[in-house]
Visitor: 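Quick one: the structure is below, and I'll ask about it shortly.
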Amino acid sequence: MTCETLTAEDAAALLLTWYDRHHRDLPWRVSPPMARQGVVADPYHVWLSEVMLQQTTVQAVKAYFDKFLRLWPTVEDLAAADSEDVMKAWAGLGYYARARNLRKCAEAVAREHGGRFPDTEEGLKALPGVGAYTAAAIAAIAFNRRSAVLDGNVERVISRLYAVETPLPAAKAGMRQLVSRLTPADRPGDFAQAMMDLGATICTPKRPACTLCPFHMKCMALHSADPETFPIKAAKKEKPVRLGAAFVAIDNADAVYLRKRPDTGLLGGMTEVPGTDWSARRDGETSVDARPFAAPWEPCGTIAHVFTHFELRLSVYRANVAEALPAAGGWWEPIATLNMQALPTVMKKAIAQAIPHAFKPG
DNA sequence: AACACGTGGGG
DNA sequence: TCCCCAAGTGT
């Protein structure tokens, strides 16, 4: 069997027909029947979901999307929000620069654009935290622009459809051209979402369900090779191990000593328990200097946490103190309200290691 | 261009 | 257990 030529018209027709029947229903999405009647999604909802979805699974995003809309129903509300509250609400979702940029972006939209998102790719891309992908996605989905939307899903679909031999990320420019050629003037937003749904549900990284794919007869990878070998990627580097220590102090009122991290860099602007720097050094000895105050510190085990570019092994120390000692820069937070703080997951792990009941309900 | 930047789920 | 990776952006 030969691989039939794929025209742009065929691609859009095949994909949109598939999407009408098999699209996912998502909280931020306008379903195809509505979309076909010209209803477009709220740009604020589209932007919020797209930022949350950067490198993050749909499953993880749903609850956060609901929470943010509940707390800040409009972009003006978010623009007026306290940064600390935004960081608290984002805690656990990761890539915290997104949360810092989120409020900056809302502020820019509210103050510089009268509360309306720009309706062009160029205007959108000028906003904080909005890059090439997100600008194209918002333009297509919320403003019906014919922009070429290229994310990890689309890269996978395109790389297989055309059996692209160039490795990522070098192949991206060429793929954007291919997507641009296929994107229809009618329903470009649905086309983009359909490509992403296809990548997420059919054209998956492992064991793609090619028999169910609308491009089944048109896919060069399927007809000439093993689709699973695409996209070809540059080799990744191995993760170094870093070591450190964390200090969990508990006072006689069941409060834990916390402090705020610097606004930039790893976990920037988030809350932490005091600790050492994290380095490759194999010593907990420098940890003496990192103790927030003198107390009967006792080792209570280690935790491991994997970041994007290194693995962390943290030695956790605990101390019970009679009363809340004054200490520069931090504060004492009751265990009961720890869950409302801007604590990244690694810090919750460290606290849970020292206080096993800290995050248990009741 | 290459690297920094989180987390949780699935195979 | 370990590896992969998920709707990327900023520098």
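Sequence lines set the chain letters: A, B, ... in the order given, protein chains first and strands last, and positions in each chain run from 1.
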Visitor: Would you say the ring centers of A:H305 and A:F307 fall short of 6.0 Å from each other?
Guide: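 So the answer is yes for these two rings.
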Visitor: Rounded to whole angstrom units, what separation is found between the CD atom of A:E238 and the P atom of C:dC2?
Guide: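 Atom CD in A:E238 sits about 14 Å away from atom P in C:dC2.
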Visitor: Can you see whether A:S83 engages A:R103 through a side-chain donor-acceptor pair at a distance of less than 3.5 angstrom?
Guide: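 There is such a pair between these side chains.
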Visitor: Roughly, in whole Å, what's the span from NZ in A:K236 to P in C:dC3?
Guide: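 Interatomic distance, NZ of A:K236 to P of C:dC3: 11 Å.
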Visitor: Under 4.0 Å, heavy atoms only, any strand: does A:W90 hit a base, just the sugar-phosphate, or nothing?
Guide: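 The residue A:W90 makes no contact with any strand.
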Visitor: Is it true that A:W18 and A:M196 fall in one hydrophobic cluster, defined by side-chain heavy atoms closer than 4.5 Å?
Guide: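 Per the 4.5 Å side-chain linkage, A:W18 and A:M196 are co-clustered.
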Visitor: Only distances under 3.5 Å count here; give the side-chain donor-acceptor pairs of residues 226-233 of chain A to other protein atoms, sequence neighbours excluded, each with its distance to 0.1 Å.
Guide:
from   : atom 1 : to     : atom 2 : distance (Å)
A:D226 : OD1    : A:E228 : N      : 3.1
A:E228 : OE1    : A:R207 : N      : 2.8
A:T229 : OG1    : A:D226 : O      : 2.7

Visitor: What heavy-atom pair brings A:M87 and A:A99 nearest, and what distance separates the two atoms?
Guide: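 Here A:M87 and A:A99 meet closest at SD-CB, 3.7 Å.
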Visitor: With clusters defined by side-chain heavy atoms of hydrophobic residues (ILVMFWY) lying less than 4.5 Å apart, directly or transitively, does A:F247 cluster with A:I351?
Guide: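 Hydrophobic grouping puts A:I351 apart from A:F247.
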Visitor: Touch check for A:A192, heavy atoms < 4.0 angstrom, all strands: base, sugar-phosphate only, or nothing?
Guide: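 Here A:A192 touches no strand at all.
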Visitor: Tell me, which of residues 101-111 of chain A have any heavy atom that sits under 4.0 Å from an atom in DNA chain B?
Guide: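 DNA chain B contact set from residues 101-111 of chain A: none.
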Visitor: Closer to the 5' end of DNA chain C via nearest nucleotide, is it A:L127 or A:M196?
Guide: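 Taking each residue's closest nucleotide, the earlier one in sequence belongs to A:M196.
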Visitor: For A:L78, which of A:D85, A:L102, A:L71 qualifies under side chain to side chain contact (heavy atoms under 4.5 Å, CB included)?
Guide: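 Going through the options one by one, the only one that passes is A:L102.
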Visitor: Consider only side-chain N and O atoms of A:Y133 and A:Q54, and report whether a donor and an acceptor are under 3.5 Å apart.
Guide: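 Result is no, nothing qualifies.
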Visitor: Would you jot down, in residue-number order, the residues of residues 40-53 of chain A having a non-hydrogen atom under 4.0 Å from DNA chain C?
Guide: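 A:E50, A:L53 - these, ordered by number, are the residues of the stretch whose heavy atoms sit under 4.0 Å from the strand.
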Visitor: Does the A:K218 side chain pair with the main chain of A:L161, one donor and one acceptor, at a distance under 3.5 Å?
Guide: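 No.
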Visitor: Given atom CG of A:L150 and atom P of C:dT9, what is their separation to the nearest angstrom?
Guide: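 Rounded to the whole Å, the gap is 10 Å.
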Visitor: Using the rule side chain to side chain contact (heavy atoms under 4.5 Å, CB included), only one of A:V256, A:L267, A:L338 pairs with A:L343; which is it?
Guide: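 For A:L343, the side chain to side chain contact (heavy atoms under 4.5 Å, CB included) test succeeds with only one of A:V256, A:L267, A:L338, which is A:L338.
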Visitor: Please work out which residues in residues 166-183 of chain A have a non-hydrogen atom less than 4.0 Å from an atom of DNA chain B and list them by number.
Guide: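 Under 4.0 Å from DNA chain B: no residue of residues 166-183 of chain A.
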Visitor: Among C:dG8, C:dA6, C:dC5, which nucleotide sits nearest the side chain of A:T134?
Guide: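 The nucleotide sitting nearest to the side chain is C:dG8.
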Visitor: Using atom P of each nucleotide, how far apart are C:dT9 and B:dG8 to the nearest Å?
Guide: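 Those two atoms are separated by 22 Å.
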Visitor: Do A:R29 and A:Q193 get their side chains close enough for a donor-acceptor pair, meaning under 3.5 Å?
Guide: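 Side-chain D/A pair, A:R29 to A:Q193: present.
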Visitor: Please measure how far the P atom in B:dC5 lies from the corresponding atom in C:dA6, and state the result in whole Å.
Guide: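 One P to the other, the span is 22 Å.
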Visitor: Assign a letter to each nucleotide of nucleotides 5-11 of chain B from its 5' end: B, base within under 4.0 Å of a protein heavy atom; S, sugar-phosphate only; -, no contact.
Guide: BBBS---
Visitor: Could you check how far CG of A:L26 sits from C1' of C:dA6, rounded to whole Å?
Guide: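 Rounded to whole Å, this separation is 14 Å.
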Visitor: Does the pair A:E311/A:K239 count as a salt bridge with the N-to-O cut at 4.0 Å?
Guide: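 Salt bridge absent between A:E311 and A:K239.
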Visitor: Between A:D20 and A:T17, is any side-chain donor less than 3.5 angstrom from a side-chain acceptor?
Guide: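 Side-chain D/A pair, A:D20 to A:T17: absent.
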Visitor: Base, sugar-phosphate, or nothing for A:V130, non-hydrogen atoms under 4.0 angstrom?
Guide: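 Answer is sugar-phosphate: A:V130 comes under 4.0 Å of backbone atoms only.
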Visitor: Run through the side-chain heavy atoms of Ile, Leu, Val, Met, Phe, Trp and Tyr, join any pair under 4.5 Å, and report what else lands in A:V30's cluster.
Guide: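 A:M34, A:V39, which link up through side-chain heavy atoms under 4.5 Å apart, make up the rest of the cluster.
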Visitor: Round to the nearest Å and state the distance from A:L312 atom CG to B:dA4 atom P.
Guide: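 Interatomic distance, CG of A:L312 to P of B:dA4: 15 Å.
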